[in-house]
Amino acid sequence: MPEAASMPGTSRPGTSRPGTPSPGAAAEASLRPVPAFGGLAASSPDGRLVVREREGLGLATVTARRGRGGDLAEVLRASRGLVLRPGPTVSRAGDLALVGTGPETWFAVGAGGGWRFSRALAATLAGLAAVADQSSGYGVLRLSGPAVRAVLAKGVPVDLHPSAFAAGDAAVTLAGHVGIVLWRAEDRADGEEAFDVAVFRSYAESFRHWLFASAAEFGLADGPAPGPGTAGAVSRPA
Amino acid sequence: MRDVQSHRLDAAGLVDRARPLGFRFDGRAYEGFLGDTLASALLANGVRLVGRSFKYHRPRGIVTAGPEEPNALVALREGARREPNSKATAVELFDGLSARSQNRWPSLAFDAGAVNGLLAPLLVAGFYYKTFKWPSGFWERVYEPAIRRAAGLGRSSGLPDPDSYEGAYAFCDLLVIGAGPAGLAAALAAGRAGARVILCEEDFALGGRLLCERDAVDGRPAAAWAARAVAELATLPGVTLMARTAVFGAYDGGTFGAVEKVSDHLAVPDPGRPRQRLWRIAARRSVLAAGAIERPLVFPGNDRPGVMMAAASRSYVNRFGVLPGRRVAVLTATDDGWRAAFDLAERGARIEAVIDPRPAGPPALEERARRLGARLLRGGRVAGTHGRLGLTGVTVAAAGGRTERLPVDLLVMSGGYNPNLALTTHLGARPAWSEEIAAFVPGGLPPGMSVAGAARGTLSLGAALREGHAAGREAAEACGLGGCAGEAPRADDEAAGLAASWPVAGARKAFVDFQHDVTVADVALAHREGFRSVELLKRYTTLGMATDQGKLSNLNGHALMAGLLGRPIPEVGTTAARAPTVPVAIGALAGHARGRHFKPTRLTAGHALAAERGATFVEAGQWLRPQWFAAPGEADWLATVTREVRAVREAVGICDVSTLGKIDVQGPDAGAFLDRVYVNGFSGLPVGRARYGVMLREDGFVLDDGTAARLAPDHFVVSTTTANAARVMKHLTYCAQVLWPEADVQLASVTEAWAQYAVAGPRARRLLEALLGAAADVSDAALPFMGAREFEWAGVPVRLFRLSFSGELAYEIAVPAAYGDALGRALLAAGAFLGVAPYGSEALGVLRIEKGHVAGNEISGTTTAGDLGLGRLMSRKKDFVGRALAGRPGLVDPDRLRLVGLRPLDPAGRLSGGAHLLAPGAAATTANDLGYVTSAAFSPSLGRWIALALLRRGPERIGEHLRAVDLLRGTDVPVEVCPPVFVDPEGVRLHA
Amino acid sequence: MRYSLLSLAANALRGHAGWRPAWRDAAPKAAYDAVVVGGGGHGLATAYYLARNHGLADVAVLEKGWIGSGNAGRNTTIIRSNYLLPGNSAFYELSMRLWEGLEADLNYNAMVSQRGVLNLFHSDAQRDAAVRRGNAMRLEGIDAELLSADEVRRALPFLNFDDARFPIRGGLRQRRGGTARHDAVVWGYARAASERGVDIVQNCEVTGILRDPAGAVAGVETSRGTIRAGKVGVAVAGHSSRVAAMAGLRLPIESHVLQAFVSEAIKPLLDTVVTFGAGHFYISQSDKGGLVFGGDIDGYNSYAQRGNLPTVEDVCEGGMALMPALGRVRVLRSWGGIMDMSMDGSPIIDATPVPGLFLNAGWCYGGFKATPASGHCFARLIATGTPEPAAAAYRLDRFLRGATIDEKGQGAQANLH
Amino acid sequence: MRIACPFCGSRDLREFSFLGDAGAAGAGLPGAGPGAGPGAGAEAGADAGPGAGPDADAGARAEAVYLRDNPAGRHRGLWYHEAGCRSWLAVTRDTRTHAIFAVELAREGAR
């Protein structure tokens with residue numbers, strides 16, 4: 001209990017006003033998702049760093065059942081045309097990417113689908129892997145531009161030089177005190193390097209502060225937090 | 001009105017005379033140039049008195065031209081940006097710089113503290129150990145405050161540092177430390193071969209001694225060659241040049257710490273830029289090319305302003321275009337020192353004398369000196385110096401002993417060179433002694449490091465360049481890069497010839513450690529009293545513990561001790577060097593993590609909603625949780641919490657419980673796995689059901705508690721407490737990977753993936769019915785207590801558990817966290833007609849205390865399941881983590897403290913956490929201590945304060961009267977011991 | 001030679017030529033009644049109290065390097081008795097009482113400075129724990145007081161109150177706590193022990209423990225030859241496992257490195273000892289002006305007297321979070337000591353299964369403040385074979401019995417204590 | 001210090017946490033694998049008393065849990081790549097020099 005307070009007052013549970021159900025909360029309402037970074041999009045004035053949240057992704061952790069990694073790879077190849085590369089790398093096929101995050105463990109990224117993505121993946125991998133939906137668990141930012149490595153170097157203790165971290169390479173690591181999953185994305189159309197960073201949702205604001213502080217010298221301005229606001233209110237189906 | 005630069009040369013040097021910079025020292029305005037240090041600018045203006053010494057407050061001037069400076073310490077900048085103890089020799093001049101002298105009162109020229117000098121006979125090394133012991137209590141009140149006031153140098157502003165700092169990581173094939181001749185050559189060789197090279201230089205200019213000496217490299221003036229080398233390095237794609245960056249520590253695995261002074265050369269940092277940046281550099285190889293530091297000579301009065309190192313005098317005249325003195329005496333035990341006479345004379349100084357204690361030396365030097373009109377005193381010495389606040393003369397003694405006073409304003413000295421080898425010893429290697437240069441040189445080296453140039457004891461320029469080149473080439477080759485390293489640069493192999501000139505006992509007021517006022521006599525006293533190991537010498541006299549870290553003083557002190565012991569210097573040894581090699585701002589080492597960003601802040605998906613509803617937030621580990629939601633008119637938090645608790649007990653409340661840990665446990669062995677990590681069984685749990693479980697540590701004490709629900713035969717979701725979420729995940733990972741690697745079980749933390757609200761109170765079911773409609777049947781039959789369901793509602797997957805922490809009819813409803821905000825709003829909207837109230841962690845705490853549920857205050861790491869009344873959960877039919885050690889006698893001792901409830905005998909009595917329990921009439925002693933209050937709360941349901949407590953033989957004492965005694969707050973409350981469940985002990989509400 | 005202002009003045013007149021070594025640098029004899037292994041604070045204090053309290057002066061202290069070269073000279077000089085558990089609080093309070101009389105007893109100014117120790121708390125749960133601890137202290141007769149956040153602010157206005165990630169909600173203060181000059185404690189005990197006839201033998205490393213045919217201790221093998229003794233006390237914290245292994249013993253101890261730091265000397269800023277409750281950080285200011293601070297151990301077992309950067313950064317982050325003015329104060333030196341991290345965070349002062357071999361070990365971070373009581377209790381154990389009541393809980397078999405003394409509740413993981 | 005994680009590659013010390021001597025892992029446990037374990041169907045007996053009774057084996061197990069060789073030299077310890085791939089690693093390292101000789105996944109080199 002906090003330290004000091006008067007003896008309890010005599011206030012009654014004043015909010016207790018029984019009545020009738022509110023029609024606005026009808027069961028058939030649909031819920032609007034709030035992206036982890038609130039749909040963050042920012043750029044330094046000269047384009048040296050561009051930050052954009054990748055919204056609506058399907059995300060899942062995939063862990064092979066004991067001894068079934070080979071079967072899992074085979075099923076992915078057969079069903080999705082995805083050739084699973086070993087180690088901390090990204091394996092891609094179409095809209096599906098599997099980021100190697102640990103032995104026999106992947107961070108699966110689908111270009112869309114949200115929470116439904118993991119359902120489909122789990123069905124594909126039934127008996128071969130544990131699949132856990134993480135589409136809400138992480139926010140994913142795409143960072144790109146000529147300053148991107150200089151900014152990441154301020155918190156990521158991994159060598160991201162192209163000679164050490166090539167296209168398709170991935171790392172589970174830190175950005176400052178925040179854990180991240182990081183992978184080299186396809187280079188931008190102008191040839192500049194791009195990285196995807198997945199951050200646990202609850203850390204989004206702290207990561208965002210670190211990112212903007214670290215990129216301030218490149219002109220990425222820190223504005224008001226575009227965190228969850230009223231955007232998530234219940235809305236009726238259109 | 002600014003002073004003219006009286007000692008600035010018209011030409012010469014690398015300062016930019018077109019860029020004048022105004023600055024102030026002790027309030028007086030001066031002018032210097034871009035490229036100056038504060039020290040060179042002060043000298044240019046004829047300022048010689050710069051500071052006062054630590055103990056005797058003796059006047060002190062500028063001795064060196066680098067970061068080894070012991071004397072010229074100033075307070076830099078004003079206000080919250082004040083930086084005490086800044087070395088004027090390492091401060092880059094900027095326009096508007098302001099500096100003040102330190103450790104003096106009322107003024108630098110007249111310092112009352114100088115009275116200490118008169119007391120010097122009493123204030124010898126370690127004097128304080130022998131006195132100030134009497135009378136008792138005087139130490140803290142009288143002696144110590146006086147000593148403390150006198151000690152210290154500069155003053156901290158005490159204000160929050162307004163500038164920012166940051167860290168950064170860098171990786172390279174080769175780290176070159178020092179951009180002097182050897183470092184430039186190494187970087188060129190490796191860079192040309194294609195290596196990723198980082199070249200760090202502490203100075204703002206690259207070139208090291210090349211900028212300060214009148215040498216030639218590859219036929220060019222040294223400084224011009226350095227400029228060309230730097231220009232070439234800048235074109236090499238793999239090379240990163242880092243000026244103003246000091247490598248301060250070598251750590252394991254080829255990791256180095258370095259601090260970059262990003263903005264210290266500016267009045268204030270540019271927007272978005274930090275003041276300093278901490279680099280952690282991981283290097284496959286490293287070349288230490290940090291040069292060497294010239295050693296002072298120890299003679300009477302060697303600390304007077306106007307006595308300067310010979311190499312420093314050349315830096316001032318050659319690099320900064322400043323003549324540090326007009327009438328000069330040179331005291332040198334090296335051929336190298338003679339160069340100062342020639343360089344200073346070249347720029348107009350009159351050389352009065354060259355005193356060289358060596359009996360003979362190269363005739364060419366003597367001939368050249370004679371042509372300058374200087375007197376030569378071979379085998380001579382300096383017997384004393386004169387001048388109250390600055391040098392006005394020296395008394396020299398010729399070989400025969402005849403003394404003579406010479407009028408000089410500058411005395412330069414050269415006692416040989418100490419290689420800058422500290423980084424070689426950070427991982428434990430010890431230096432080796434070199435008779436050739438009479439100094440310690442690198443012995444062992446950290447893995448992957450090589451040393452080149454003066455840092456290795458190589459004191460000729462040509463050899464340093466060759467060594468640097470070779471080291472760079474070899475490093476590139478070791479990294480598999482065989483590209484062309486080019487040719488080694490060429491320069492003269494002029495020898496620096498020297499003879500050891502060690503201080504001897506007996507000289508008066510001859511200083512070994514300038515800043516700490518350690519004299520020859522102090523070292524002798526330490527020897528006399530048995531402090532003869534160099535480490536004991538250091539600790540007893542404080543030799544080498546000043547801000548210059550003994551860079552100038554250590555070897556002279558150790559040599560003196562060696563002489564007193566009659567043993568060779570290498571046998572006496574040297575003290576261990578440890579990081580940092582230069583003092584490093586604490587702000588730089590902390591970087592971004594300060595203030596509100598000291599640790600990350602974790603926010604739930606319901607945070608914005610809670611904020612809108614007026615929540616007060618509280619830290620729960622890294623999370624922020626709503627503590628309560630104050631309503632208008634409520635007198636204080638207790639009124640608020642009381643209302644929230646009543647809402648739950650009488651209507652319905654919702655509480656964001658997303659911070660609880662959630663671990664997905666899948667696989668054919670998931671049930672068997674949980675049987676092993678929980679004290680109770682889970683493999684028999686039906687699908688669609690949840691169970692409360694307790695985990696133990698291997699030592700048998702409770703680790704955590706929570707529920708696990710079975711969603712499918714091979715799929716559980718385990719919940720943990722907020723505080724232990726990471727620890728439990730780590731523990732389960734350990735169990736799965738290390739203890740039972742053969743188990744087919746897969747773990748994933750899904751804490752972040754789900755937003756979860758508790759919906760609690762007699763109207764909870766009605767709220768859910770209103771919310772979910774036909775999507776789910778929440779009747780008692782369909783979802784009984786401890787039931788768990790998954791279904792889709794409103795387009796999202798839902799997990800609905802019938803769990804209760806409050807003891808009321810209650811549920812926990814979870815949706816993917818992206819929909820958490822919407823769920824919270826939907827719950828409030830759907831429940832408005834029921835009087836739903838959001839409640840915070842405080843009400844949650846009250847509710848659980850009323851129900852006797854244990855939490856962090858009870859699961860403290862020292863309680864057993866039995867202590868907490870959970871012993872009956874411990875299965876006897878299976879083994880589990882902690883079972884064996886839970887059976888140790890100490891853990892099953894009936895005398896242990898066990899969980900009970902307490903209520904004050906006086907209904908108005910108030911209880912507080914941390915009070916101890918005593919029997920009525922018992923004295924307040926440890927022997928009578930029966931236990932303590934773990935958690936206390938005002939119970940709105942009972943209308944009185946209640947508490948949980950851990951009490952010796954607690955359950956046996958139910959009904960007894962005791963006292964809850966809080967000696968800190970002065971309360972003594974008679975209480976009755978009762979069962980820990982205060983509300984609805986039969987669980988009727990729970991099963992409603 | 002007695003130390004006093006008078007003797008100092010008298011010597012000053014003679015150019016300080018009259019001083020004698022503070023202790024005799026003895027060569028080892030062939031045999032002693034008792035040998036103490038380890039010339040740190042604990043070993044020297046043990047020898048002193050053996051001579052002073054038990055009349056046992058035929059004692060040698062064997063030090064492998066120079067006296068005080070281990071943790072005695074590598075700590076942050078804090079003294080306090082603000083312990084929670086009965087097994088600890090009585091012992092550390094005995095130590096505090098001995099500190100309070102130490103200088104008169106030793107005729108040596110060890111600069112015992114009772115400037116107070118303030119432990120900050122940052123949450124209601126931490127406050128409850130602080131109150132519990134404070135009350136436990138008061139029950140033991142130890143001074144303790146609870147400070148509100150406002151009271152802390154009045155005392156230490158330069159702490160971070162306005163922009164803190166974990167706001168300061170108050171503190172628990174022990175006024176009698178404070179600091180002492182660590183090296184002087186070593187020298188004071190050495191001088192006093194030496195005056196009572198104890199041989200202090202430096203550069204003498206123990207390489208083996210001699211046993212008689214019955215298995216009892218008969219002496220030690222050293223780098224300076226065999227030394228026979230019927231009683232051997234081991235006080236080599238940091239290296240206890242290595243010496244115990246010479247007698248075939250395994251200990252509930254892991255060796256870990258703890259780093260500490262001192263800043264450049266500045267004028268008085270901080271007049272007490274402060275412990276940050278929301279990070280691993282504690283700080284005080286030495287009489288010379290340096291801010292002395294430290295934090296957590298590096299976390300991996302080690303015998304190298306040095307640590308790594310992550311811990312350096314972690315400590316400095318704590319410092320900046322607590323005292324934002326530290327940004328422009330510079331770290332001057334760092335060092336690492338090897339801690340005997342015991343499995344419950346509390347020490348061991350006990351006889352061992354080897355007759356005649358006694359063990360003083362497992363001090364974790366607590367060794368310096370314990371110096372006087374450790375020596376006092378260990379001397380009694382060695383001399384009489386029975387433990388001092390204040391140290392009776394520090395038994396070697398407590399882990400097997402389940403009678404651990406776990407102040408932090410971390411369990412059997414050495415690096416968490 | 002840098003540790004070469006078999007999965008992630010060479011990583012900075014700050015990503016790892018140390019547990020203790022690899023030899024002490026699971027010392028307090030019976031050592032049976034899940035297949036042989038009495039896991040299935042094991043429920044707390046309704047008649048179970050307050051806590052387990054003294055265990056005859058407790059002393060021996062406690063010794064294994066608490067006592068350490070604590071060598072100055074080569075040592076095999078368990079580390080957790082907490083901020084990386086979350087693998088438990090067995091790291092063979094010299095405790096005097098911090099030189100690392102071998103790093104393996106604990107799962108593969110388990111007892």
Side-chain angles (χ1 to χ4, degrees), chain B residues 169 251-255 280 282 427-428 447 669 671-676 679-684 698-700 726 729-730 733-734 736-745 864-867 869-879 881-889 891-892 898 955, chain D residues 1-4 10 12-14 17 19 22 24-35 37-62 65-66 78 80 82 86-88 90 96-100 105-111:
Chain B
Y169 298 91
Y251 298 91
D252 289 311
T255 304
R280 305 87 157 187
L427 298 191
D669 292 332
F673 178 76
L674 294 184
D675 283 344
R676 285 161 181 275
V679 302
N680 46 338
F682 279 80
S683 53
E698 198 169 13
D699 69 349
M729 182 65 192
K730 182 175 176 179
T733 308
Y734 169 77
Q737 292 184 21
V738 182
L739 299 185
W740 304 304
E742 65 284 3
D744 192 355
V745 60
T864 67
D867 296 342
L870 302 168
R872 60 181 180 77
L873 291 178
M874 292 172 70
S875 170
R876 293 175 167 185
K877 299 178 189 167
K878 67 181 181 84
D879 208 331
V881 175
R883 174 178 171 158
L885 266 60
R888 287 177 290 165
L891 278 73
V892 295
R898 298 181 64 191
Chain D
M1 194 186 301
R2 297 183 67 80
I3 296 176
S10 171
D12 191 276
L13 172 66
R14 71 193 68 220
S17 64
L19 177 74
L29 295 167
E43 302 290 313
D47 58 343
D55 186 325
D57 196 22
R61 290 205 201 168
V65 167
Y66 283 104
L78 283 175
Y80 182 45
E82 192 152 20
R86 297 193 172 223
S87 291
W88 282 89
R96 297 163 302 182
T97 64
H98 301 166
I100 293 174
L105 292 175
R107 183 190 281 274
E108 287 165 6
R111 36 181 204 134

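Keep in mind it's a predicted model, so treat the numbers as computed, not measured. Chain letters run A, B, ... following the sequence lines, proteins first and then strands; every chain starts at 1.
- For D/I3, no part lies under 4.5 angstrom from a heavy atom of chain B.
- Of the possible polar contacts, none joining the B/Q737 side chain to the D/L105 backbone as a donor-acceptor pair under 3.5 Å is found.
- D/R107 and B/A736 get closest at one heavy-atom pair: NH1-O, 4.3 Å.
- Most heavy-atom pairs under 4.5 Å with chain B, from the set D/E82, D/R96, D/R2: that is D/R2.
- If you measure heavy-atom distances from D/T97 to chain B, the contacts under 4.5 Å come from the backbone alone.
- Of all heavy-atom pairs spanning D/S17 and B/K730, the tightest one is OG-NZ, 3.0 Å.
- When all heavy atoms of B/V738 and D/A106 are compared, the pair lying nearest together is CG2-CB, 3.8 Å.
- Proximity to chain B (any heavy atom under 4.5 Å) is shown, for D/L13, by neither the backbone nor the side chain.
- Heavy atoms only, all atoms of each residue included: B/R888 and D/A62 are closest at CD-CB, 4.0 Å.
- Both the backbone and the side chain of B/T733 come within contact range of chain D, with heavy atoms under 4.5 Å apart.
- Between atom CZ of residue D/R86 and atom CE of residue B/M729 there is a gap of 5.0 Å, rounded to the nearest 0.5 Å.
- Using a 4.5 Å cut-off on side-chain heavy atoms (C-beta onward), B/L885 and D/Y66 make contact.
- The shortest distance between side-chain heavy atoms of D/L78 and B/Y734 falls below 4.5 Å.
- Across every non-hydrogen atom of B/A884 and D/G28, the tightest pair is CB-O, 3.8 Å.
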